[in-house]
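Report on the following structure.
First listed ligand is number 1; within each ligand, the first listed atom is number 1.
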Amino acid sequence: MVKSDDSAKVPVLVTGGAGYIGSHAVLALLDKGWDVAVIDDLSTGFRWAIPDEVAFYRGDIADAELLARIFAEQGSQAIMHFAGSIIVPESVSDPLKYYDNNTVKGRALIAAAVEHGVPHMIFSSTATVYGEPDLKPLQEDLPLSPVNPYGMSKLMTERILADCSRAYDLNHCVLRYFNVAGADPDARSGQSSIGATHLIKVAVESALGKRGPVGVFGTDYPTPDGTGVRDYIHVSDLADAHVLALEALIAQPERSLTMNVGYGRGFSVLEVLDAVDRVVGQPVPRVMEGRRAGDVPSLVSDNSRIMETVPWKPRHDDLETIIGHALQWEKRLTGLRDGQGG
Ligand code: UDP
């Protein structure tokens, strides 16, 4: 177990810090007293998601001149890399966008870190790298065979990082996320994209009358109730895992890590919707539909590695809490959009 050392804080550059997960990582870092800067092109993120005390650079993560300026101005000693494209079906129809945004630009960011001697990097990866897994909890050392360009574009960046850590003074941590949901408990940030497709976001939008009934995509999977099972994790617990991973990288600069971030348990679509009903206090309308292309029956993490490696203590490991925070944010978002025009 790598213990945190409070004296070891360094200036951190967060790429994609205006986005959903990146903005929560910024909050987690600030809450613990780290010095944070953000680079984001605002293609999907929101300027208002970045707190005022954070230095903000609008631009591209592959812009070498801009990165050189940021490193000089901020003295960045670590990068948390969230910027990227994340929509699986879009990656199938437009793979070049994914190899460009996630792999080519990731390579450019890593090159800049190496050139300027930034010694630590945390990388947002995904359970999608496991491909079509069987029903057992997924362990990090399984063979990796992504079945779509999104997962492959992330896996390629994992590989670039692994090779660069062997060759240069750079250690890194790959975090493979399971299903991220919920919002900051104080409603300072949350999932804000329009037209989101993720189950909990869709369900709270439906509960607030922002869309029609929730489609249940597939009722004939080999799972206990026939609907898809996922390991839903609270975004603020995920953000905390990033800070702990960074502390581990700083404490042991020779060591790189790859860790799943999940709670190690799954809920079916129907279990999620029943929990939404309880949180909202009335049934959320639902319609049974066929399977969605590309979905797998079950994705549940084996999280023993992260639990043994860093002192990660999930604070919101409760489905109704995750949904409650998502709902609270969705209500706040309505106000933000009404007040600011979107
Ligand atoms: N799902 C669903 N209806 C929706 C959105 C998702 O039934 O409107 C199901 C989906 O088939 C999967 C689970 O919910 O079994 C989680 O899907 P989500 O899109 O949230 O995340 P993914 O696991 O695809 O990354």
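- Considering backbone and side-chain N/O of Asp295, one or more are found under 3.5 Å from N/O of ligand 1.
- Annotation: the span from Ser298 atom OG to Tyr221 atom OH amounts to 11.0 Å, rounded to 0.5 Å.
- The main-chain N or O of Val216 is never found under 3.5 Å from a side-chain atom of Arg286 such that the two would form a donor-acceptor pair.
- Ligand-side atoms of ligand 1 in range of His198: 18 (P), 19 (O), 20 (O), 21 (O), range being under 4.0 angstrom from any heavy atom.
- Comment: Asp40 does not engage Arg58 in a salt bridge, judged by the lack of any side-chain N to carboxylate O separation of less than 4.0 angstrom.
- When heavy-atom distances to ligand 1 are checked against a 4.0 Å cut-off, Asn179 comes that close only through its side chain, counted from C-beta outward.
- The shortest contact between atom 20 (O) of ligand 1 and any protein heavy atom is with Leu199 N, 2.8 Å.
- Neither side chain, Asn260 nor Ser301, offers a donor N or O lying under 3.5 Å from an acceptor on the other.
- Scanning the protein heavy atoms around atom 4 (C) of ligand 1, the nearest turns out to be Phe217 CE1, 3.3 Å.
- Backbone and side-chain nitrogen or oxygen atoms of Gly228 are examined, and none is located within less than 3.5 angstrom of a nitrogen or oxygen of ligand 1.
- Counting only heavy atoms of the protein, atom 14 (O) of ligand 1 lies nearest to Val269 CG2, 3.5 Å.
- Geometrically, ligand 1 and Leu299 share no nitrogen or oxygen pair separated by less than 3.5 Å.
- In the vicinity of Val216, heavy-atom distances shorter than 4.0 Å reach the ligand 1 atoms 7 (O).
- Using a 4.0 Å heavy-atom cutoff, Gly215 is listed among the residues neighbouring ligand 1.
- The main-chain N or O of Asp237 is found under 3.5 Å from a side-chain atom of Trp312 such that the two form a donor-acceptor pair.
- Within the 4.0 Å heavy-atom shell around ligand 1 one finds Tyr232.
- Closest of all the heavy-atom pairs between Gly324 and Val279 is CA-CG1, 3.9 Å.
- Using a 4.0 Å cut-off between heavy atoms, Arg292 contacts ligand 1 through its side chain alone, with no backbone atom that close.
- A salt bridge is absent between Asp100 and Lys97; no separation between the charged side-chain nitrogens and carboxylate oxygens falls under 4.0 Å.
- Aromatic pair Tyr177/His242: ring centres closer than 6.0 Å.
- The aromatic rings of Tyr20 and His24 sit perpendicular, their planes meeting at an angle over 60°, well past the 30° parallel limit.
- Among all protein heavy atoms, the one lying closest to atom 23 (O) of ligand 1 is Arg230 NE, 2.6 Å.
- Atoms of ligand 1 lying under 4.0 Å from at least one heavy atom of Thr197, given by number and element, are 5 (C), 19 (O).
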